[in-house]
Amino acid sequence: MRYQDRAVLVTGGGSGIGRQVCLMAAAEGARVAVGDLDLERAETVAAEIGQGKGKGEAQAFRIDVTEPASVNAFVEGAETTLGRLDVLVNSAGIREIVSVLDLSPEEWQRVIAVNLTGTFLPSQAFARRLIAAGKPGQIVNLASTLGIMAAPNRAAYVASKHGVVGLTKEMALELGEKGIRVNAVAPGVIRTPMTERYFQDPEMSATIRGIHAMNRWGEPADIARAILFLGAEENGFMTGSLLTVDGGWTTGKKM
Ligand code: NAP
């Protein structure tokens with residue numbers, strides 16, 4: 001198994017894509033640090049792993065990815081509990097739905113703080129500890145199709161995800177020689193608590209289905225599989241890449 005006894009840290013691990021990464025990494029034998037703003041949610045995912053078929057193990061942590069002290073405590077706590085650090089998945093994220101004209105400075109800053117600063121801080125803390133220990137590692141960031149193109153009413157989200165793509169390249173460049181690979185995935189629309197409201201609206205749900213060439217919504221497992229591919233040790237020459245997993249959304253417009 002690719003992840004046997006490897007330590008996988010996941011921010012936003014209590015929900016949606018992050019949760020699925022935790023479950024699938026554990027199923028491949030990983031020791032998982034489930035980090036989330038909501039400790040109860042993280043504990044639920046860790047318990048699900050504990051009740052699994054004996055593969056993998058998990059520890060829940062409360063983390064606020066926007067707070068350096070909380071981030072450091074998460075990475076340090078994960079290393080102590082799991083005994084090592086191998087893969088960090090930055091899945092914590094939020095988004096606004098408001099026009100660029102009505103977006104408040106506070107909401108702009110909140111989305112940038114969670115999505116962009118909240119990718120930078122855990123990555124920096126994780127890389128620092130790996131480098132201090134002389135160990136290799138992998139970082140996988142959650143970008144988005146909206147890190148490649150825009151959509152209305154999501155100025156901060158779009159800017160933050162374009163930022164995540166740039167940060168991924170920058171970190172890949174600076175950390176490659178140290179044996180740390182940094183890649184990102186760009187999901188299409190995935191059915192998670194973040195998008196559930198749209199899924200429940202029949203008209204919106206059909207529209208979203210239709211923007212994907214494959215004419216369906218993505219599932220968390222579609223993205224978790226790609227994340228685990230990027231984080232796998234065997235995938236040793238891929239860094240600074242953005243892997244689009246969007247059912248063909250960004251391939252072109254249907255005519
Ligand atoms: P989700 O189900 O809402 O999960 C995100 C998790 O991050 C939630 O548990 C959330 O907690 C947590 N979080 C929020 N702020 C945090 C903070 N400051 N510190 C730590 N954790 C925090 O969302 P998802 O759909 O799985 O999305 C995961 C990632 O994929 C995000 O970066 C998102 O932008 C990206 N993505 C999602 C889609 C999609 O269609 N779903 C598409 C492209 C990219 P709260 O619920 O309490 O806020």
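Remember, it's 1-based here, ligands and their atoms both numbered in the order they're listed.
Other residues, nucleotides and ligands contribute over 12 non-hydrogen atoms within 6.0 Å of the CD atom of Q200.
Heavy atoms of R191 found under 4.0 angstrom from ligand 1: none, in either backbone or side chain. Proximity of N115 to ligand 1, defined as any heavy-atom pair under 4.0 Å, is not found for any part of the residue. Only the side chain of T192 comes within 4.0 Å of ligand 1, counting heavy atoms alone; its backbone N, CA, C and O stay farther away. At a heavy-atom distance under 4.0 Å, no atom of R95 approaches ligand 1. Residue-level proximity to ligand 1 for A113 is absent, since no heavy atom of it falls below 4.0 angstrom.
Between G118 and ligand 1 there is no heavy-atom distance shorter than 4.0 Å.
In the vicinity of G16, heavy-atom distances shorter than 4.0 Å reach the ligand 1 atoms 2 (O), 26 (O). Near A143, with a cut-off below 4.0 Å to any heavy atom, the atoms of ligand 1 are 44 (C). Proximity to D64 (heavy-atom distance under 4.0 Å) selects the following atoms of ligand 1: 17 (C), 18 (N), 19 (N). Those atoms of ligand 1 with a heavy atom of P187 less than 4.0 angstrom away are 42 (C), 43 (C), 44 (C). Counting atoms of ligand 1 from 1 in the listed order, those under 4.0 Å from a heavy atom of D36 are 6 (C), 8 (C), 9 (O), 11 (O), 12 (C). Applying the 4.0 Å criterion to heavy atoms of V189 picks out, from ligand 1, the atoms 40 (O). Atoms of ligand 1 found under 4.0 Å from any heavy atom of P193 (numbered from 1 in listed order, with element): 2 (O).
Counting heavy atoms from C-beta on, the side chains of I49 and E57 never come closer than 4.5 Å. Annotation: side chain of L142 is in contact with side chain of P187 (closest heavy-atom distance under 4.5 Å).
One distance of note links CD1 of I63 with CG of L39; it measures 12.0 Å at 0.5 Å rounding. Rounding to the nearest 0.5 angstrom, the gap separating the CG atom in N141 from the OG1 atom in T119 is 5.5 Å.
When hydrogens are left out, the protein atom nearest atom 20 (C) of ligand 1 is I63 O, 3.1 Å; that is the closest non-hydrogen contact. Of all protein heavy atoms, the one lying nearest to atom 23 (O) of ligand 1 is M194 CB, 3.6 Å. The protein atom (non-hydrogen) at minimum distance from atom 32 (O) of ligand 1 is K161 NZ, 2.9 Å. In this structure, atom 48 (O) of ligand 1 lies nearest to the protein heavy atom I94 CG2, 4.1 Å. The protein heavy-atom contact nearest to atom 29 (C) of ligand 1 is S91 O, 3.1 Å. Counting only heavy atoms of the protein, atom 16 (C) of ligand 1 lies nearest to L37 CD2, 3.8 Å. Among all protein heavy atoms, the one lying closest to atom 13 (N) of ligand 1 is A92 CB, 4.1 Å. At the shortest separation from atom 45 (P) of ligand 1 among protein heavy atoms lies R41 NH1, 3.5 Å.
Applying side chain to side chain donor-acceptor pair (under 3.5 Å) to E28 and the options R6, R2, Q4 leaves one that passes, R2.
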- [ ] Decide yes or no on side chain to side chain contact (heavy atoms under 4.5 Å, CB included) for Q59 and V32, but give the supporting numbers first.
- [x] CA-CA 6 Å; Q59 178 71 43; V32 184; over 6 Å; no
TODO: Walk me through it: do L175 and T239 pass the test side chain to side chain contact (heavy atoms under 4.5 Å, CB included)?
DONE: CA-CA 10 Å; L175 301 175; T239 196; over 6 Å; no
Task: From CA spacing to verdict: side-chain hydrogen bond (donor to acceptor under 3.5 Å, both in side chains), N90, S123 - done: CA-CA 8 Å; N90 286 305; S123 301; 3.0 Å; yes
TODO: In sequence, state the C-alpha distance, the side-chain angles, and the governing distance for E79 and R84, and then conclude on side chain to side chain contact (heavy atoms under 4.5 Å, CB included).
DONE: CA-CA 5 Å; E79 187 174 25; R84 54 187 289 161; 6.0 Å; no
- [ ] For T11 and V71, run side chain to side chain contact (heavy atoms under 4.5 Å, CB included): C-alpha distance rounded to whole Å, both residues' side-chain angles, the deciding distance at 0.1 Å, then the answer.
- [x] CA-CA 10 Å; T11 74; V71 167; over 6 Å; no
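When all heavy atoms are compared, the tightest approach of R181 to M238 is NH1-O, 2.9 Å.
Polar contact check, S144 against ligand 1: no nitrogen or oxygen pair lies under 3.5 Å apart. Distances between N or O atoms of V65 and those of ligand 1 include at least one value under 3.5 Å. Considering backbone and side-chain atoms together, T66 places no N or O closer than 3.5 Å to any N or O of ligand 1. Residue S15 has at least one nitrogen or oxygen atom sitting less than 3.5 Å from a nitrogen or oxygen atom of ligand 1, judged on distance alone.
In this structure, of D246, L146, I190, I17, the residue bringing a heavy atom nearest to atom 37 (C) of ligand 1 is I17. Considering each of F61, Y157, F199, the one bringing a non-hydrogen atom nearest atom 34 (O) of ligand 1 is Y157. The nearest non-hydrogen atom to atom 38 (C) of ligand 1, considering only G93, G188, P122, comes from G188. Closest heavy-atom approach to atom 6 (C) of ligand 1 among the candidates A42, G12, G218: G12.
Between the side chain of N235 and the backbone N or O of F229 there is at least one donor-acceptor pair closer than 3.5 Å.
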